[in-house]
Every structure is written in structure tokens, then in C-alpha cells.
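A short worksheet on the structure shown next.
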Amino acid sequence: MSFSADISRFIGKTEKSAEQAVRRISLELLSKVVLKSPVDTGRFRANWYASINYASNAVSNSVDKSGADSIRRGGSSINSYKLGDAAIYLTNNLPYAYRLETGLALENGAAEP
């Protein structure tokens with residue numbers, strides 16, 4: 001084996017380890033965000049999305065009181081992360097998401113920031 005081949009193998013292993021760490025941490029963050037989200041009908045939990053390189057603008061009428069479907073769907077997206085991708089985004093695009101996440105009540109129908 002050449003020194004160059006050894007370095008290439010080391011780089012490959014390091015990149016794989018870094019990708020796995022980012023995926024693991026991102027999935028843990030998604031799980032915590034989903035499971036700490038308030039639940040009434042389950043629609044809010046069902047509208048958490050994970051995406052790579054762009055923020056999803058998806059909205060669903062689905063419900064997911066347990067959060068398991070959202071975590072599974074998000075995990076599938078997170079697993080496609082590759083080192084060098086711009087970012088992993090966690091989004092919830094429901095109109096009332098801002099109020100639920102911040103606890104702020106908007107007065108007189110004021111627009112969300």
C-alpha cells in the first residue's frame with residue numbers, strides 16, 4: 001500500500017463518520033422537536049418536515065398524534081444527507097406554527113414576522 005492510498009482510505013472513513021454524525025444529530029433534533037410539539041389533533045406534529053439543501057414549503061392535512069410518522073418521514077430525508085450538502089432544514093409551515101413555537105399570541109390578526 002502506498003502512502004497516498006492510506007490517506008485516501010482515511011479521508012473516506014472520516015467523511016463517512018462525519019456524515020453519520022450529522023445524520024444522527026439531525027434525527028435526534030427532529031425527534032425532540034416533533035415530540036415536544038403540542039398536540040391537539042396531531043396536525044401540527046404531522047407537518048414537521050426535514051429536507052436537504054432547501055427549506056420545505058410542504059403543508060399536509062394529515063394528523064400524527066404520536067409524531068412517529070413525521071419522524072420516520074424526516075429520517076428518510078435526513079438519511080440522504082451527504083457531506084458537502086448545504087444544510088438540513090426542519091420546517092413546519094402551518095399558519096399557526098409561529099404562535100405555537102413561541103407561545104406568542106398575535107393581537108388583532110397581526111401578520112407573523
Side-chain angles (χ1 to χ4, degrees):
M1 290 288 168
S2 72
F3 180 71
S4 180
D6 289 342
I7 294 295
S8 293
R9 266 196 321 284
F10 173 76
I11 290 170
K13 286 180 183 179
T14 302
E15 287 176 348
K16 185 175 181 176
S17 294
E19 285 176 352
Q20 290 172 342
V22 169
R23 289 181 192 135
R24 182 178 40 79
I25 291 166
S26 298
L27 183 57
E28 185 175 326
L29 286 171
L30 173 65
S31 297
K32 287 184 178 192
V33 166
V34 170
L35 296 176
K36 288 187 180 263
S37 294
V39 179
D40 182 15
T41 65
R43 186 166 182 235
F44 187 65
R45 281 191 176 177
N47 273 277
W48 280 108
Y49 291 90
S51 53
I52 309 296
N53 295 325
Y54 69 92
S56 172
N57 61 0
V59 174
S60 170
N61 286 323
S62 299
V63 294
D64 180 14
K65 284 190 174 190
S66 73
D69 291 339
S70 295
I71 294 168
R72 189 173 19 263
R73 182 185 62 240
S76 179
S77 294
I78 289 168
N79 282 334
S80 70
Y81 172 82
K82 300 286 184 225
L83 202 60
D85 284 337
I88 297 174
Y89 293 86
L90 305 180
T91 56
N92 191 315
N93 295 302
L94 289 177
Y96 53 87
Y98 177 80
R99 292 187 302 270
L100 285 177
E101 287 301 305
T102 62
L104 298 177
L106 298 178
E107 297 179 24
N108 301 324
E112 296 173 9

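Source: prediction; values computed, not measured. Side chains are part of it too, since the values below use all heavy atoms of this structure and drop only hydrogens, waters and symmetry mates.
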- Message: Test: salt bridge (Lys or Arg N to Asp or Glu O under 4.0 Å). Region: residues 17-30. Which pairs qualify, not counting sequence neighbours?
- Response: E19-R23, E28-K32

- Message: Give me each pair satisfying ring-ring contact (aromatic ring centres under 6.0 Å, His included) with a member in residues 25-47, each pair once, sequence neighbours excluded.
- Response: F44-W48

- Taking every heavy atom of A50 against every heavy atom of L30, the minimum-distance pair comes out as CB-CD2, 4.4 Å

If you round to the nearest 0.5 Å, how far is [atom2] of [Y] from [atom1] of [X]?
X	Y	atom1	atom2	value
S26	I78	OG	CD1	5.0 Å
R9	T14	CZ	OG1	12.0 Å
N92	Y98	CG	OH	14.5 Å

- Query: Within the distance-only criterion (no hydrogens, no angle test), does the side chain of R45 pair as donor or acceptor with the backbone N or O of S70 below 3.5 angstrom?
  - Reply: no

I'd like to check the side-chain contact (heavy atoms from CB on, under 4.5 Å) partners of [X]; sequence neighbours left out, ordered by chain and number.
X	value
S80	I52
V59	R43, N47, N93, L94
S62	A46, S60
A55	Y89, T91

Say whether [X] and [Y] are linked into one hydrophobic cluster, either directly or through other cluster members, by side-chain heavy-atom distances under 4.5 angstrom.
X	Y	value
V34	Y49	no
I71	I25	yes
V63	L100	no

- Task: Evaluate the criterion salt bridge (charged side-chain N to carboxylate O under 4.0 Å, His left out) for residue pair D85 and K82; output intermediate values, then yes/no.
- Result: CA-CA 6 Å; D85 284 337; K82 300 286 184 225; over 6 Å; no

- Message: Do S66 and D64 make a side-chain contact, defined as non-hydrogen atoms from C-beta onward lying under 4.5 Å apart?
- Response: yes

